[in-house]
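Some notes on the structure that comes next.
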2 protein chains.
Amino acid sequence: MAGSARTRSRGPYRTGVRRREQLIAVAIDVFGEHGFAGGSVRAIAERAGVSHAALIQHFGSKGGVLMAVLQEWDRQTVEARLADVSGLDYFRRLPAVMGAHEHNRGLLQLFTTIAAEASSPSHPAHAFIQQRYATNLATLAGHLQQAVDAGDVAPLTPAEIDIEVRLVTAVLDGIGLQWLLDSSTDMAGSVDVYITRTIMGWRRADAETTRVATTARNPV
Amino acid sequence: MAGSARTRSRGPYRTGVRRREQLIAVAIDVFGEHGFAGGSVRAIAERAGVSHAALIQHFGSKGGVLMAVLQEWDRQTVEARLADVSGLDYFRRLPAVMGAHEHNRGLLQLFTTIAAEASSPSHPAHAFIQQRYATNLATLAGHLQQAVDAGDVAPLTPAEIDIEVRLVTAVLDGIGLQWLLDSSTDMAGSVDVYITRTIMGWRRADAETTRVATTARNPV
DNA sequence: GTCTATAGACTGATAGAC
DNA sequence: GTCTATCAGTCTATAGAC
């Protein structure tokens, strides 16, 4: 609307975006450390060197801060994540992606804490996290299906693919949590072992193992 | 010390323990839904039909309630968990243990939420969760080592065993989270696929895969 | 043992000066 | 845009009556 031209020298609200980015960065740390419920607007504002009123002014509400944080997390992970690879190569990159988190504890801690918190339907980020997981699983499934179509791995039914991508996701999340609790955990190494072995299994008709296990377990 | 004999008809504080158990059960639900930071003493007391003062009186503080909850969770999982099996059979039971959680969402949600929250060193349950994971990993490692000694699986180095049990733990935690976010997730089935396939891998000298992957990855 | 009443601190959010 | 001042509500915890 009516923006004062004097406050911005070149781009639109030049200093505004920097301030906003800094506020979000601090909010990631605070929400990562104390979760959404435990992280207060005042704590974020104090650590950023502004008043809590200014923070609310920027984002409208505490929930607005959370949404900005989640979108920033989305942006960073999507842009870091492999637009240039597909099929099996997508999975082969996952250990490196995981290893990169070792130098950026805050973002991993944020996501782990919020994802667990948001498992409750009443949590403000519940829908966001649910959709995020659905999208992530679908992306992985697409790459695995592509590997099947290319003949890189033995055929898999959609149900088998679903289990495979859920296991991959579970390993990533679970190893991340273990590293947060014990920094001596070798995230990249552990994930690498899983991915390497799993791809080897996909190559042979190891799908038979899956099929036997799933059908034999069901007593109905 | 000086307990009124009139208030207990037979056992020691007969009604007291029932009340206490009920309060803990409610606290598990509330902390599971909102985490420790987000779950208030008042919410627990209100849902249990007592005043918040009475609840504090029972457990001394909010942190005391958390500790009682964690010990109860410990008790339930330890007693449910397989004192009668060891070696590979211990791993074979894990899918059934996971499947049992499908009928008891509260306890799984509690642990998932608290574990993630407690990844922050300042969290009151941080030490508890850390030790819990260390103990759990050590137990799994002991059973896997036992399987090695019994000749049920090919030899594994301690470092390889460490990765194996971390991956198993990661799958359990990660699949549990996915089920919390999407109840159509087949927890028992997914874990069963992983366990069955992994044990098959342990049988052959699949350890070579592990060794190749771990050494090839390190650029040092 | 459980209650009511209350202390004392912190919460998210708003109003208005500059 | 950021501040100070302030709101009404909630939090944990304590004191004291019954």
Side-chain angles (χ1 to χ4, degrees), chain A residues 1-24 26-27 30-31 33-69 117 122-125, chain B residues 1-24 26-27 30-31 33-69 117 122-125:
Chain A
M1 305 269 190
S4 162
R6 192 172 46 80
T7 59
R8 31 170 156 143
S9 59
R10 247 187 322 200
Y13 26 89
R14 189 177 62 86
T15 67
V17 289
R18 289 194 185 169
R19 172 68 93 190
R20 183 185 169 89
E21 284 172 4
Q22 183 224 356
L23 292 176
I24 290 177
V26 173
V30 172
F31 284 154
E33 283 178 33
H34 306 100
F36 176 67
S40 71
V41 171
R42 288 180 136 89
I44 299 169
E46 186 177 1
R47 206 180 288 193
V50 299
S51 71
H52 64 278
L55 187 64
I56 292 283
Q57 190 76 6
H58 266 291
F59 300 99
S61 69
K62 186 185 181 184
V65 180
L66 177 62
M67 286 309 155
V69 161
E117 242 186 334
S122 61
H123 194 280
Chain B
M1 300 277 190
S4 162
R6 193 173 44 81
T7 59
R8 33 173 154 142
S9 59
R10 247 187 322 202
Y13 26 87
R14 188 178 62 87
T15 67
V17 290
R18 289 196 185 165
R19 172 68 94 189
R20 182 184 170 91
E21 284 172 3
Q22 183 223 357
L23 292 175
I24 290 177
V26 174
V30 173
F31 284 153
E33 282 178 34
H34 306 100
F36 175 67
S40 71
V41 172
R42 286 180 136 89
I44 299 169
E46 187 177 1
R47 206 179 289 193
V50 298
S51 72
H52 65 278
L55 187 64
I56 291 282
Q57 190 76 5
H58 266 291
F59 301 98
S61 69
K62 185 185 182 184
V65 180
L66 177 63
M67 287 309 153
V69 161
E117 242 186 335
S122 62
H123 194 279

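Letters A, B, ... are given to chains in the order of the sequence lines, protein chains preceding strands, and every chain is numbered from 1. Note that the coordinates shown come from a computational prediction; the quantities given were computed from them, not determined experimentally.
- Whole-Å rounding puts the B/Phe59 CZ to C/dT2 C1' distance at 14 Å.
- Residues B/Pro124 and B/Leu66 come closest through the heavy atom pair CG-CD2, 4.1 Å.
- Using a 4.0 Å heavy-atom distance criterion, B/Gly49 is classed as a sugar-phosphate-only contact.
- Inter-residue side-chain proximity for A/Met67 and A/Phe59 is flagged as unmet; no heavy-atom pair is nearer than 4.5 Å.
- With B/Lys62 contributing its side chain and B/Ile56 its backbone, the two residues share no donor-acceptor pair below 3.5 Å.
- Nucleotide C/dT11 holds its C1' atom 13 Å from the CZ atom of A/Phe31, rounded to whole Å.
- Put simply, CG on A/Leu55 is 14 Å from C1' on D/dC3, counting in whole angstrom units.
- Between D/dT2, C/dT4, C/dT2, one nucleotide has an atom nearer to the side chain of B/His58 than all others, and that is C/dT2.
- Closest-nucleotide positions on DNA chain C for B/His52 and B/Leu23 were compared, and the one nearer the 5' end corresponds to B/Leu23.
- Annotation: side chain of B/Leu23 is in contact with side chain of B/Leu55 (closest heavy-atom distance under 4.5 Å).
- Note on B/Ser40: only backbone sugar-phosphate atoms sit closer than 4.0 angstrom, heavy atoms only; bases stay farther off.
- Close to C/dC3, at under 4.0 Å from its OP1 or OP2, lies a side-chain N or O of B/Ser51.
- No hydrogens or angles were tested; on distance alone, a donor-acceptor pair under 3.5 Å links the side chain of A/Arg42 to the base of C/dG12.
- Summarising the geometry, the separation between CD1 on B/Ile56 and P on D/dT14 is reported as 8 Å, rounded to the nearest angstrom.
- In this structure, A/Gly63 reaches neither bases nor backbone, as no heavy-atom distance under 4.0 Å exists between it and the strands shown.
- B/Phe31 places none of its side-chain heavy atoms less than 4.5 Å from the side chain of B/Glu117.
- When the nucleotides D/dC3, C/dG12, C/dT4 are ranked by their closest atom to the side chain of A/Val41, C/dG12 comes out on top.
- One interatomic measurement links the two molecules: CD1 of B/Ile44 to P of D/dA13, which rounds to 11 Å at whole-angstrom precision.
- Out of C/dC3, C/dA13, D/dA13, the shortest distance to the side chain of B/Ala54 is found at C/dC3.
- In this structure, B/Lys62 atom NZ and C/dC10 atom P are separated by 15 Å, rounded to whole Å.
- When rounded to the nearest whole Å, the span between CZ of B/Arg18 and P of C/dG1 equals 15 Å.
- A straight line from CD of B/Gln57 to C1' of C/dT4 spans 14 Å, rounded to a whole angstrom.
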